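Data block below; observations after.
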Amino acid sequence: MAEPRLFQLSMSPHVTSPLNTRRVMLDVVTALLPALAGAIWFFGFVDSLLPVLVSVVTAVAAEYFCLRIMKRPVNAALDGSAIVTGLLLAYNLPPGVPWWLPVIGSGFAIVVAKQAFGGLGHNMINPALLGRAFLMASFPVLMTSGWQAPFEWSAPESHFETSGIPVENLQAIPDADAISGATPLRVMKDSFTMERHRGNAVRAQLASEGTYLNLFLGRRGGCIGETSGLLLLLGAIYLVVRGVLELRLPLSYLGSVALFGWIIGGPGLLQGDPLFSVLAGGVILGGFFMVTDMVTTPVTPWGKILFGFLAGFITIVIRRWGGYPEGCSYSILIMNLATPLLDRFTRPRILGEVGKHA
Amino acid sequence: MGKRRTFSGGAHPDERKELAEHSAVRKLPAPKVIRVALCQHLGAPSTPLVAKGDRVTRGQEIGAQNGFISLPTHSPVGGTVLALEDAALPHRRSGPTIVIETSSEEGGAVFEPWPEYSSRSPQEVIERIRAAGVCGMGGASFPTHVKLSPPRDKKVDTLILNGAECEPYLTSDARLMVERTADVIDGMRILAHALGVGRVFAGVEANKPEAAAALEGAGAEVITLKVKYPQGAEKQLIKAVTGREVPVGGLPMDVGVVVQNVGTAAAAAEAVRDGMPCMRRIVTVSGGGIKAPGNFDACVGTSFADLVEAAGGYSGEVVRLLSGGPMMGIAQFTDAVPVTKGTSGIVALTSREARSLSEGPCIRCGKCVDACPMGLAPCLISEAAEHSGWKSADEAGALSCMACGTCTFVCPSSRFLVHYIKRAQEAIRASKRSREA
Ligand code: SF4
Ligand code: SF4
């Protein structure tokens, strides 16, 4: 008989899938890069890349120091989650903000919104969004005005309209100068309080094919990372291919934004524009990268669907009646708080459980 | 072959069957010394019938059945009893064993062979299966005669032969179905006769077309199942084959079904048709840490070390040695443990294959919820369990967990979900007992 050897004891299962947290986070980072490239293309290095870098570096550094102070393993600072938070925070800032704004926002996101709750997996609220909400409350002017008109790297001298309306279509709008420098959603919101025929003319231009195309490509004003639906979608497809993105949340959210955008997003009932609702503002960024933040959203299949649906509803309500033109971030923040409740009431049906339907 | 049926949830671990699936079963001569456990089955251990120094013959009953949920134990060899002692066993920390020095492996039928078993009454057949010490060969080792004796109020109308073999690496059932088709088919008919059922299916995963074809060719109604873990778990198999759902906390017979492993069927055939007690089984020896993986027909009591040697010995850095497959198998600290009736495989994993022993925080990705074949939310149960919230763990269905390991497998943070849920189960059961008392 061979000499007895000693082996490791452990609980089953003894094998694991190749997917791990770090890989998930790094995949998300990769998926966010096309949008960054777009931001550089439309707003230039200094105004887009710089705040993003500052934000990411701050996030990782803040994570590192928090872990140091709490005497936890510091290599967790490199698990990728802080990079994701830093990126998302910066993507929600207007281009060209002063360098210290992302420092404050990112620092707040990591220290207060994440680590104070116990670190990765324990925070209830999406740190990047809470960081943004903090900046909105503290520096409202910096956060909501001075929108830069995008240009194309290849032709830096000619600018696009921040509203996304093609320049050649502006003559159809009486007194078009008044809407220059405003984001598409702001223009939409203002149109409701304009004189009737003028409001109609504005909305007709917002709902034109030329505007849709501009919004989809990113030729419009907006936050650093939210403007190009196309590039965000590219990242989302990458995540689906990598098996990281769970589609229930984004689809129910974007579907709900379109649905309620149509029902209550217009001047009257059923007069809204579903396509504009999805393309304008930050819902594509929000739908694929923030509604999908795993930690702060439900784990159950129906919880995910409901989360997206309700967040979509709240987004439109804020857009139409709230104090801000965009409601994406706040809708997600509000729903984050409802996550434990959703998890509890949407428990899946246990195999063989009677009187409860799947 | 019909369409591929399955259950909802589950996962796709790397199958790694190619290591051993084409290696024909090799009969391993009994080693010089064997160690026969008296508690190879679930239930009370058998009571030893021999003493140190006694001579035993092959097939002799050396341990007597001890209550209804128990089985007799037979000596797979002729020889001399060297010792009666407690020793480490693959499926539990330790238990009573009988050490025998082998002198011969010769011997014929122990019971009267019944080639015409259908002329015997179901009671006689069940009694023979009991006397031969047959238990579930798929791993759970539940005494087969108990499963064949449903209470009168349970009407069993369906027998499912379990040839899913969904654990990675393991190929013993696949080889059995291909090489001993007649034993499996005879056993299937014997079990159907004992239960008095006419609806009989054999469930085989689609990755074993050879086995499915063999059974089909021999007259079985084969249901081809999707390759997905845990396709061979009883409740999932029943759902896939019959569409019926075993109620929470219930047994297969509650929906009129009995599931038997293909290895159990072959053992029943040998017991009834050939008059042989259950003393041998096919064991897959595989894993990245094995030189020449293969399948072996070994007598119970053969040590893991002997089998590993027969498979060419260890290769590379083996960190973990398992009894059974990598999803539900039990880690062994030594290879000096003996094969039992329930040992379907011995898997030696290298550090590249084995799951690391550290876990990260739950990032609430919900993958475990999507994957749990029982429809549980493992992350929420384990979260409750980590804070000793036994009541909410119970409400979330902790007792329905079958410890299949799918959740931990898919978890990106490699959470020890099965471990936490098992702890919750123990606490919940204990508090239920104390409330009843
Ligand atoms: S071990 Fe339990 S909780 Fe985990 S997947 Fe299996 S049945 Fe579900
Ligand atoms: S798979 Fe792991 S990380 Fe994901 S929810 Fe379940 S326990 Fe948490």
Side-chain angles (χ1 to χ4, degrees), chain A residues 1-25 72-73 76 79 81 118-124 243-244 246 248-249 292-304 339-340 343-344 346-354 356 358, chain B residues 11 13-14 31 168 235 239 245-248 250 303 305-306 308-309 313 318-322 326-336 349 353-355 357 360-366 369-370 373-377 379-380 396-397 400 403 405 408-414 416 418-419:
Chain A
M1 244 200 278
E3 218 174 282
R5 302 171 43 144
L6 293 183
F7 305 94
Q8 214 175 50
L9 288 182
S10 96
M11 289 283 300
S12 61
H14 303 284
V15 286
T16 180
S17 63
L19 199 73
N20 60 52
T21 304
R22 204 188 153 92
R23 212 201 90 183
V24 170
M25 296 298 171
R72 299 211 184 157
D79 65 10
S81 62
L120 180 66
H122 300 286
N123 50 299
M124 264 189 89
V244 170
E246 127 79 57
R248 281 173 284 219
L249 275 162
T292 50
D293 171 49
M294 295 161 175
V295 174
T296 55
T297 54
V299 295
T300 65
W302 277 106
K304 290 176 181 181
T339 290
D343 269 341
R344 180 194 287 231
T346 57
R347 180 166 74 67
R349 193 184 71 95
I350 300 173
L351 184 75
E353 192 175 24
V354 283
K356 192 168 185 266
Chain B
D14 219 353
K235 292 180 180 179
K239 172 85 185 173
E245 280 189 19
V246 179
V248 169
S303 81
D306 288 328
V308 169
E309 208 177 279
V318 179
V319 293
R320 236 172 281 173
L321 183 72
L322 311 176
M327 294 300 285
M328 287 187 82
I330 301 171
Q332 309 294 315
F333 69 92
T334 165
D335 57 11
L349 296 179
E353 298 167 284
R355 183 169 71 88
L357 295 181
C362 170
I363 56 168
R364 299 181 34 87
C365 65
V369 184
D370 287 335
M374 291 306 295
L376 304 173
C379 53
L380 300 181
S400 285
T408 299
F409 173 82
V410 299
C411 177
S413 284
S414 237
F416 303 160
V418 189
H419 171 74

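These figures come from a predicted structure and were not determined experimentally. Order of the sequence lines sets the chain letters (A, B, ...), proteins ahead of strands, with each chain counted from 1.
Nearest approach of B:Ala331 to A:Leu9, heavy atoms of both residues: O-CD2, 3.4 Å. Between B:Gly405 and A:Pro13 the shortest heavy-atom distance is O-CG, 3.3 Å.
Considering CD of A:Glu353 and CD of B:Glu245, their distance stands at 10.0 Å, rounded to 0.5 Å. B:Met328 CE to A:Met11 CE: the interatomic distance, rounded to the nearest 0.5 Å, is 10.0 Å.
Proximity of A:Asn20 to B:Ser414: side-chain heavy atoms (C-beta onward) are nowhere separated by under 4.5 Å. A heavy-atom distance below 4.5 Å is found between the side chains of A:Leu120 and B:Ile363. Using a 4.5 Å heavy-atom threshold, the side chains of A:Thr16 and B:Thr408 count as separate. Proximity of A:Leu351 to B:Pro373: side-chain heavy atoms (C-beta onward) are nowhere separated by under 4.5 Å.
Of the listed residues A:Gly121, A:Gly303, A:Gly119, A:Ala76, the one with more heavy-atom pairs under 4.5 angstrom with chain B than any other is A:Gly121. The most heavy-atom pairs under 4.5 Å with chain A, out of B:Gly329, B:Ala377, B:Gly397, come from B:Gly329. Ranked by heavy-atom pairs under 4.5 Å with chain A, the first of B:Val418, B:Leu322, B:Leu349, B:Val410 is B:Leu322. In terms of non-hydrogen atom pairs under 4.5 Å with chain A, the most contact-rich of B:Ile330, B:Asp370, B:Asp14, B:Val308 is B:Asp370.
Residues satisfying the side chain to side chain contact (heavy atoms under 4.5 Å, CB included) criterion with A:Asp343, sequence neighbours excluded, are A:Pro298, A:Val299, A:Thr300, A:Thr339, B:Arg364, B:Leu380. Among residues two or more places apart in sequence or in another chain, the salt bridge (Lys or Arg N to Asp or Glu O under 4.0 Å) test is passed with A:Arg72 by none.
For chain A, the nearby part of B:Ser400 is the side chain; its heavy atoms alone come within less than 4.5 Å. For chain A, the nearby parts of B:Cys365 are the backbone and the side chain; heavy atoms of each come within less than 4.5 Å. With a 4.5 angstrom heavy-atom cutoff, B:Pro168 does not touch chain A via any of its atoms. Contact annotation for B:Val246: only backbone heavy atoms (N, CA, C, O) come within less than 4.5 Å of a heavy atom of chain A. Looking at B:Leu376, the atoms closer than 4.5 Å to chain A (heavy atoms on both sides) sit in the backbone and in the side chain alike. Interface residue A:Glu246: only side-chain heavy atoms are found under 4.5 Å from chain B.
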Is there a side-chain hydrogen bond (donor to acceptor under 3.5 Å, both in side chains) between A:Ser10 and B:Arg320? Walk through the geometry before answering. CA-CA 8 Å; A:Ser10 96; B:Arg320 236 172 281 173; 3.0 Å; yes
